[in-house]
Each structure stands twice: as structure tokens, then as C-alpha cells.
*Asks:* 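Dropping a structure here in C-alpha cells format, bear with me for questions.
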Amino acid sequence: MDDIMQLVSQFALPGGDKTAEPFGNGHINKTYRITIEGVKEQYILQWINDYVFVRPREVMENMLHITEHLQKRIREEGGDPDRETIRLIPSVTGGAWAEDEDGGVWRVMLCVPDTVSPQHPDDLHVLEECGKAFGCFSRRLMDFPASSLYETIVDFHNTPVRLQQLEDAAAADPCGRLKDVGEEMAFALAREAETRILTEAHAAGKLPLRVTHNDTKVNNVLLDRETGRAVCVIDLDTVMPGLMAYDFGDAIRVGACSAEEDERDLSRVHLELPKAEAFARGFLKELKGELSEEEVLSLEAGARLMTFENGMRFLADHLKGDKYFRIHRPGQNLDRARAQFALLADMEKQQEEMREMLMRLYR
Ligand code: GN1
Ligand code: MG
């Protein structure tokens, strides 16, 4: 904690005795909440994981430009720029981040007060609000110059590359775990052709590149504690040029699944269409006028591909010895992979219903 307080002192925060406590439940970064005696506002201190983000300074450059653009849009719409997006607190030297002695990159953000982040909502209103939050985020970034953003993780949602990375991990098999995952490997390899659906549609000019969030788990939305309305979207580390299907798809993977991401009883893992519809309703309310019919239909494929991709990433990380995704028990990444593949299998069965639902909301 001494080291943490030393980092806190590098930011231009109000004076007063400060305390820090671990906060949140992301799989990647380290996060602390900072409380200052006699100060109403709380702050978030975060270290950017440099195994995952090999150029963390580029993550910060992106974040700075995106939040500035969002703040401008929010002001134009008469909203509250300190509540509807993230506010970065500058360092004492005026930079957007501070560095520790190992060159690690740390940032401080204002904690948005009186909000909650939904973990595994069953309430359809909550899901609709999450859809609105991500839809509104994309809408406000429609005119952001996408090509000015760094690609913070190269090929992040390139599904064919994700399959290749899984095959590489299997070929290397550094922990000798391949022998136990034959069924999961076969499941992934059988879907080789599907990995290309979105990349090929984009290459054929059918799906435009947009500025996308790329990590749209519903717990990356903050809702107003009182009204339950969407307030803002957090975790901007992977905001990059991408396809709309990525954002819709990853949100459905988590928000419309009947079980937790690492559920071990696979008979409990399903796609819940009413949840998907609630999210889609909110999402399309914000974006309908901006998207082509082809793009709206691609959202369905996005749900399958994001689920498939996460399954492959969890499985590859299990094979590599759990280097990327933090685990809380042995075998958790394998459990996560199995649950994703079970969800994908169920999504494949409900493909037609999902597309019909999207077309109903679009027309
Ligand atoms: C990671 O950090 P967190 O928990 O929001 C991951 C996502 C995965 C997700 C799976 C940068 O997100 O891509 O979908 O775990 N983020 C990164 O839960 O890899
Ligand atoms: Mg994240």
C-alpha cells in the first residue's frame, strides 16, 4: 500500500488524508478506489496491465482523445460531461498518466457518484439501459476520426487470427494440458469457416469500420443508482476501429447468457432471447438511423463470433498456463472456455429467431 500511496501522490488530487482499497472485478488491470478525508468525490486509480497492453501509453493517448470528444458531444447535448463519460485526473506534472519505477503506467479517474454497475442482470429494463449506453457511446463517436486511434491490441477481434493463436498454443502445449482438451479443440476447429464471416464481409465492403468499444460486458456500464437509467460506459482501453457487430456481440455473450461466464454446469448455459431483445432494443434506439440493414443483420453473427472468440481465448490461455486472464481457482479458464462453447452451440440453434428479432426492431 505504501507504493500505492506514492503513486496517488503523483496526481493532482485535492488535499487530505487518502486511503486506497482494491476495487472492481475486471480480469486484466489492477484497480483501487481512493477516498480522501473530507472530500465528497472518490477516485479510481488503475494500473494498465502491460502483458495485455504492450504499449500502455498508446492506450492513454486514445483514452484522452476519446473522452475529450465525448465530453464535447455531451456538452452539446446538454448533458453532464463529468457524469456521462470518464474524466481523467491529470498528474502533478500535467500529463494524463503517471509512471512507476518499472515504467508501469497508472491513471486516475473521477469515480462517477451514485451509480451501480450491473453484474448479471435478469431485469430486462436494465439490459435495455445497457443497450442504450453502448448505442449512445457509438453514436457520439460516429464522427470521431477512427484512423487517428492506436490499435491497442492488434487483431483483437480478428476471429481467424484468434483460431490461429489457439492452434499455436496447442502446438506448443507448454503445460502439457492439451491431452485434456481434445473435445474443446475439435469444437473450435470444426468452426474454422465461421471465423471468417465478419472479416470477409468487411473486406467485401459490406460492413464499415467504426469506432467501437470492443469490451462491452454489461458490467462496463454504469447505471444511476436511483433511476436505473444508463449514465456512462467505462473501460475504454480497447476503444479502436472495429465493426458494430463486435460491440453488440460481446454484450449479448455476457448480458443475454443464462449463466455466469465460468459456469461449470453446462446444462444451465443458454442464450436468453428476451434478454438479447431488450439489449437490442436499447442499442438500436440509439443507432437505428446510422446502420444499414446488412449491418444490423451482422449483429447476430457478432454474438456468435464474440462468444466463439472468447471461448478460444480462454482455452488458449488455459493451455499457456493462465498468463492473460486472471483466475481465482485452477481450471477456471477451461471452465470459461467450455461455457462459451456451450453458449455458442445454443446461439447456433437460435440464429434465425435472433435475426428476425433484429429485423423487427430495425423496421
Ligand atoms: C477482459 O478486463 P475485462 O474483464 O473487462 C478482456 C475481454 C474479455 C473479457 C472476458 C483487454 O475484459 O476482451 O472479453 O475479459 N479484455 C481484454 O471476461 O482482453
Ligand atoms: Mg476490460
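What you see is a predicted model, and the numbers here were worked out from it, not measured in a lab. Remember, it's 1-based here, ligands and their atoms both numbered in the order they're listed.
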*Asks:* For Arg268, look at atom CZ and say whether over 12 heavy atoms of other residues, nucleotides or ligands are found less than 6.0 Å away.
*Replies:* no
*Asks:* Could you state the interatomic distance from CG (Asp250) to OG1 (Thr307), rounded to the nearest 0.5 Å?
*Replies:* 7.5 Å
*Asks:* Could you tell me which atoms of ligand 1, counted from 1 in the order shown, lie closer than 4.0 angstrom to a heavy atom of Tyr324?
*Replies:* 11 (C), 17 (C), 19 (O)
*Asks:* Counting N and O atoms only, with roles assigned by atom type, does the side chain of Arg140 sit under 3.5 Å from a partner on the main chain of Ile74, one being a donor and the other an acceptor?
*Replies:* no
*Asks:* Examine the proximity of ligand 1 to Thr238 and report which part, side chain or backbone, both or neither, has a heavy atom under 4.0 Å away.
*Replies:* side chain
*Asks:* For Phe314, take its heavy atoms, then give the atoms of ligand 1 lying under 4.0 Å from any of them.
*Replies:* 10 (C)
*Asks:* Would you check the N or O atoms of Asn25, main chain and side chain alike, for any that come under 3.5 Å of an N or O of ligand 1?
*Replies:* no
*Asks:* Below 4.0 Å, non-hydrogen atoms only: which portion of Asn29 touches ligand 1? Side chain, backbone, both or neither.
*Replies:* neither
*Asks:* Mind running side chain to side chain donor-acceptor pair (under 3.5 Å) on Thr35 and Gln42 for me, showing each step along the way?
*Replies:* CA-CA 5 Å; Thr35 307; Gln42 290 183 305; 3.1 Å; yes
*Asks:* What atoms in ligand 1 come closer than 4.0 Å to a heavy atom of Phe53?
*Replies:*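 Taking each heavy atom of Phe53 in turn, ligand 1 has 11 (C) under 4.0 Å.
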*Asks:* Considering the heavy atoms of Gly26, write down every atom of ligand 1 situated less than 4.0 Å from one of them.
*Replies:*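 Answer for ligand 1: 4 (O).
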*Asks:* Check Asn310 against ligand 1 and report side chain, backbone, both or neither, counting heavy atoms closer than 4.0 Å.
*Replies:* side chain
*Asks:* Could you list the atoms of ligand 1 found under 4.0 angstrom from a heavy atom of Asp235?
*Replies:*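 That gives atoms 5 (O) of ligand 1.
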*Asks:* Glu293 and salt bridge (charged side-chain N to carboxylate O under 4.0 Å, His left out): which single residue from Arg363, Lys288, Arg355 fits?
*Replies:* Arg363
*Asks:* Consider salt bridge (charged side-chain N to carboxylate O under 4.0 Å, His left out). Of Arg139, Arg281, Lys132, which one does Glu286 pass it with?
*Replies:*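 Output: one option passes, namely Arg139.
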*Asks:* Between Met347 and Leu315, is there a shared hydrophobic cluster once you connect ILVMFWY residues whose side-chain heavy atoms come closer than 4.5 Å?
*Replies:*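 Per the 4.5 Å side-chain linkage, Met347 and Leu315 are not co-clustered.
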*Asks:* Taking 4.0 Å as the limit for heavy-atom contacts, which would you say applies to Arg336 with ligand 1: side chain only, backbone only, both, or neither?
*Replies:* neither
*Asks:* Is the shortest N/O to N/O distance between Glu261 and ligand 1 below 3.5 Å?
*Replies:* yes
*Asks:* Thinking salt bridges, do Arg210 and Glu290 make one under a 4.0 Å N-O criterion?
*Replies:* no
*Asks:* Among Glu309, Arg326, Gln340, Lys217, which residue places a heavy atom closest to atom 18 (O) of ligand 1?
*Replies:* Lys217
*Asks:* Is it true that Glu348 and Arg191 have a side-chain N and a carboxylate O under 4.0 angstrom from each other?
*Replies:* yes
*Asks:* Relative to ligand 1, is Arg253 under 4.0 angstrom through side chain, backbone, both or neither, heavy atoms considered?
*Replies:* side chain
*Asks:* Check each of Arg329, Arg336, Arg338 against Asp262 using the side-chain hydrogen bond (donor to acceptor under 3.5 Å, both in side chains) test, and report the only one that passes.
*Replies:*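 Between Asp262 and the candidates, side-chain hydrogen bond (donor to acceptor under 3.5 Å, both in side chains) is satisfied uniquely by Arg329.
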*Asks:* Arg313: heavy atom below 4.0 Å from ligand 1, yes or no?
*Replies:* yes
*Asks:* Closer than 4.0 angstrom: is that true for some heavy atom of Met306 and an atom of ligand 1?
*Replies:*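 No; Met306 lies far enough from ligand 1 that no heavy-atom distance drops under 4.0 Å.
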